[in-house]
Amino acid sequence: SAIMPLIYIYAAAAALVVLPMGASCFQPQVFSVFGRALNSIEGWVAKRKVNADLDENCAKYTVGPDSEYKYAAKKPKVDHSSWDGVVKRYVRPGNVDDIITNVVDYSGIAKDEDVAKYERVMAEVNLAALEGTP
């Protein structure tokens, strides 16, 4: 009958709208054409609303005298250098659906030996020593 080809055309169109479409380790999976359209609209709105009501004349943060921050010049109680290296290697500026953000290579992090090293460092931290001023 003449209706059968129309059913196939509608089914194919529905599959394009509903079925998942490609993904990579740097970008989230796009669930459908419909989802991509919604993400684009959200990005458009976000670009116009972020800091739209920012008053440039206001101080962003109140800052005390340097004497209040002498503790910051001391050696840190926990060595975060291995985690810092992981973040520097696997987090990069990127663009997802026209939104500028940071993208993370999670598969690379999962294979990195420094993550296990950092987990061991964190497991040995004396929590009681961290309770005071940094």
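Residue numbers count from 1 along this sequence.
- In terms of the side chain to side chain contact (heavy atoms under 4.5 Å, CB included) criterion, residue partners of I109 (sequence neighbours excluded) are, by chain and number, V86, Y90, V104, V115.
- With sequence neighbours excluded, the residues forming a salt bridge (Lys or Arg N to Asp or Glu O under 4.0 Å) with K88 are D84, listed by chain and number.
- A continuous path of hydrophobic side-chain contacts links W83 to Y106 [ILVMFWY only; heavy atoms under 4.5 Å].
- Residues satisfying the side chain to side chain contact (heavy atoms under 4.5 Å, CB included) test with L127, not counting sequence neighbours, are V125, L130.
- Taken to the nearest 0.5 Å, the CD1 atom of I99 stands 8.0 Å off from the OG atom of S40.
- Applying the salt bridge (Lys or Arg N to Asp or Glu O under 4.0 Å) rule to pairs touching residues 114-127 yields R89-D114, sequence neighbours excluded.
- Every side chain to side chain donor-acceptor pair (under 3.5 Å) that S81 has, sequence neighbours left out, goes to D79.
- Both M122 and V87 are members of a single hydrophobic cluster when ILVMFWY side chains are connected at heavy-atom separations under 4.5 Å.
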